[in-house]
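See below for the structure under consideration.
The figures that follow rest on heavy atoms only: side chains count, while hydrogens, waters and symmetry mates do not. Proteins get letters first, then strands, A, B, ... in listed order; numbering begins at 1 in each.
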2 protein chains.
Amino acid sequence: MSFGQSENINTWISQINSEFKTAVSVDCVIFGYDKQHLRVLLLKSDMEPFEDHYSLVGDLVRPDENLDESANRILTERTGLHDLYMKQVAAYSDIGRHPLGRVITIAYYSLVKLDKDLLDIAKNNKNLKWKKVKDIDKLAFDHNDILDDCLSKLKVQLREKPIGFQLLPKKFTLKQLQNLYETVLDLELDKRNFRRKLNALNILIDLDETQSDVNHRPAKLYAFDVEAYRKRKRKGFNFGL
Amino acid sequence: MSFGQSENINTWISQINSEFKTAVSVDCVIFGYDKQHLRVLLLKSDMEPFEDHYSLVGDLVRPDENLDESANRILTERTGLHDLYMKQVAAYSDIGRHPLGRVITIAYYSLVKLDKDLLDIAKNNKNLKWKKVKDIDKLAFDHNDILDDCLSKLKVQLREKPIGFQLLPKKFTLKQLQNLYETVLDLELDKRNFRRKLNALNILIDLDETQSDVNHRPAKLYAFDVEAYRKRKRKGFNFGL
DNA sequence: CCAAAAGTGTTTGTAATACACCCATGG
DNA sequence: CCATGGGTGTATTACAAACACTTTTGG
């Protein structure tokens, strides 16, 4: 950032303290995948005029943290998890977007594996809910815009980078991975082509294990090979789905 | 944005006015293309400890404008032009990024056709300079990070969307367009394949005009067909270079 | 032995790549 | 008539898409 040469430092500081007063917040679109559905963690709003609307989870940015740290803090506070996959998406700044004054918010999306513990946080707190993305209607503030943008970004990234694994358990079957892609991208994929492509990418570890307790032929289990991906990333990588 | 249920409105407002004090700015990476080189409009900084470093052009966000409006204002103030192509890229927020205090900045990149008038703004103002991207070394603040991110974004967008035309005059030759792609993306393209591809895209208007005053066979002139692009955009469009 | 999902190859069409010569103009 | 860049087509290769049957397990 930089300022016109005409302004001096004292003018500038006093401006910030008076008419340029602005709050900065972070809002997180926390995506979770649940074998069937893509979900987002929402919070029941208690703020006029949005009572009983759901909103994204967010908070003001504190003086001792940057935006990434702020997003991480919010994620940990809400989910109890650390080091989630997380991506800054955009800043939202319309004058009237927040009823209490000028609040500019920076949106992040993040990805979590929806296991029982995580589903429980919405049971232990009446105000939290894992809503299916498809079922979300009117949210508080401009959070529908934010959600739409984050979902678009997720879809783009899912096609280009191996981030889908963040939404699955460590060990997964190829069918689970395919289902994830089909659900999130809202399309149908050919089983054989999908498997061939994944095999060619060489980013999966064959665990030599199979499912148990299924009443059909058990599927092989795989894990994401972070190292193999890192090595290949340098010379360009495109998931290409 | 939303806040924990425990906080009430008065707490929150007083927080903004005291410890949450933050300034928000916009910084613009203004790219211009000059037949040979990709350039960025830079400004000589007069701020400690960055005297004589160049910086991006930016300003504080005013109370009556959102970020897009702020970026537009900065662009118009610096270039005299309106309605430039413009894209929000990311927010930068490290604690120590600005010597005068907590300043969170949102970066935009924008594209202009570098004609004589625009080149003159750097001649009429000693502090402004159209620097070749390749020649830029240490900038003030965290502006190298911002520039790098904006350049990456530009490269991605250039491959996917027909934004290159924003850097060229209204009438251009296929060679000029190819040169632009080769320069910005730093690669070599096959002339015949490039022309075939562009022809297939059907987003150019053949103006039935040719260059004049060149000492070789004059090239045909084309213009970007905005309407044709708009119609095809709905059903997906990828420049695919 | 039945139900249910896992696993596996081949063919066909389409898009990307590589490559060399003639053309129009100004000087 | 020469120098300079403009303009054009074809053959090859790699990748994407479409498609059906056999295998393994639990009940």
Side-chain angles (χ1 to χ4, degrees), chain A residues 35-36 155-156 158-160 162 168-169 171-183 185-223 232 235-241, chain B residues 35-36 155 158-162 168-169 171-183 185-223 232 235-241:
Chain A
K35 283 162 193 169
Q36 307 278 357
K155 287 181 181 180
V156 170
L158 201 60
R159 284 175 178 274
E160 293 175 351
L168 290 177
K171 300 175 180 189
F172 53 86
T173 68
L174 292 176
K175 192 68 202 295
Q176 287 175 321
L177 188 60
Q178 185 181 338
N179 281 342
L180 165 66
Y181 273 84
E182 291 181 330
T183 303
L185 298 178
D186 196 27
L187 46 74
E188 292 199 347
L189 294 168
D190 180 90
K191 180 163 60 163
R192 280 173 291 189
N193 292 340
F194 182 81
R195 281 154 187 256
R196 179 178 27 254
K197 171 149 282 175
L198 254 113
N199 194 36
L201 287 174
N202 258 315
I203 51 168
L204 293 187
I205 300 167
D206 183 339
L207 294 173
D208 278 316
E209 289 178 61
T210 53
Q211 290 178 304
S212 49
D213 304 322
V214 286
N215 63 338
H216 54 77
R217 176 172 173 178
K220 294 182 76 174
L221 291 171
Y222 295 85
R232 291 219 284 109
K235 45 176 179 174
F237 180 93
N238 198 314
F239 212 96
L241 271 167
Chain B
K35 282 162 193 168
Q36 308 277 357
K155 287 181 180 180
L158 201 60
R159 284 174 177 275
E160 293 175 351
K161 295 186 177 173
L168 289 177
K171 301 175 179 189
F172 52 86
T173 68
L174 292 176
K175 192 70 204 295
Q176 287 175 321
L177 188 60
Q178 186 181 339
N179 280 342
L180 165 66
Y181 273 84
E182 291 181 332
T183 303
L185 298 178
D186 196 27
L187 45 75
E188 292 199 346
L189 295 168
D190 180 271
K191 181 163 59 163
R192 281 173 291 191
N193 294 338
F194 181 80
R195 281 155 187 254
R196 183 183 18 259
K197 171 150 280 174
L198 254 111
N199 194 36
L201 287 174
N202 257 315
I203 50 167
L204 292 187
I205 300 167
D206 183 340
L207 295 173
D208 278 316
E209 290 179 62
T210 53
Q211 290 178 303
S212 48
D213 304 322
V214 286
N215 63 338
H216 55 77
R217 175 174 173 179
K220 293 182 77 173
L221 291 171
Y222 295 86
R232 293 220 283 108
K235 45 177 178 172
F237 180 93
N238 198 315
F239 212 96
L241 272 164

Next item on the list: Indicate for each nucleotide in nucleotides 19-27 of chain C, in 5' to 3' sequence, whether protein heavy atoms under 4.0 Å reach the base (B), only the sugar-phosphate (S), or nothing (-).
Entry: BB--BBBS-
Notebook entry, point to check: Should Arg196(B) and Asn193(B) be marked as a side chain to side chain donor-acceptor pair (under 3.5 Å) after you check the CA-CA gap, both sets of side-chain angles, and the distance that decides it?
Noted result: CA-CA 5 Å; Arg196(B) 183 183 18 259; Asn193(B) 294 338; 2.5 Å; yes
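- Judged as a ring-ring contact (aromatic ring centres under 6.0 Å, His included), and not counting sequence neighbours, the contacts of Tyr181(A) are Phe239(A).
- Residues satisfying the salt bridge (charged side-chain N to carboxylate O under 4.0 Å, His left out) test with Glu209(B), not counting sequence neighbours, are Lys171(B).
- Rounding to whole angstrom units, CD of residue Glu182(B) and C1' of dG5(D) are separated by 14 Å.
- Summarising the geometry, the separation between CG on Asn238(A) and P on dC15(D) is reported as 13 Å, rounded to the nearest angstrom.
- Residues forming a salt bridge (charged side-chain N to carboxylate O under 4.0 Å, His left out) with Lys155(A) (at least two apart in sequence, or on another chain): none.
- Taking the salt bridge (charged side-chain N to carboxylate O under 4.0 Å, His left out) definition, one finds that Asp213(A) meets it with nothing, sequence neighbours left out.
- Between Lys35(B) atom NZ and dG5(D) atom P there is a gap of 15 Å when expressed in whole angstrom units.
- One atom, NZ of Lys220(A), and another, P of dT25(D), lie 13 Å apart when rounded to the nearest Å.
- In this structure, the CZ atom of Phe194(A) is 14 Å from the P atom of dA16(D), given to the nearest Å.
- Atom P of nucleotide dA6(C) and atom CG of Leu189(A) are separated by 15 Å, given to the nearest angstrom.
- In this structure, NZ of Lys175(B) is placed 11 Å from C1' of dT4(D), rounded to the nearest angstrom.
- Among residues two or more places apart in sequence or in another chain, the side-chain hydrogen bond (donor to acceptor under 3.5 Å, both in side chains) test is passed with Lys197(B) by none.
- OP1 or OP2 of dA16(C) has at least one side-chain nitrogen or oxygen of Lys197(B) nearer than 4.0 Å.
- The distance from atom CG of Leu174(B) to atom P of dG5(D) is 17 Å, rounded to the nearest whole Å.
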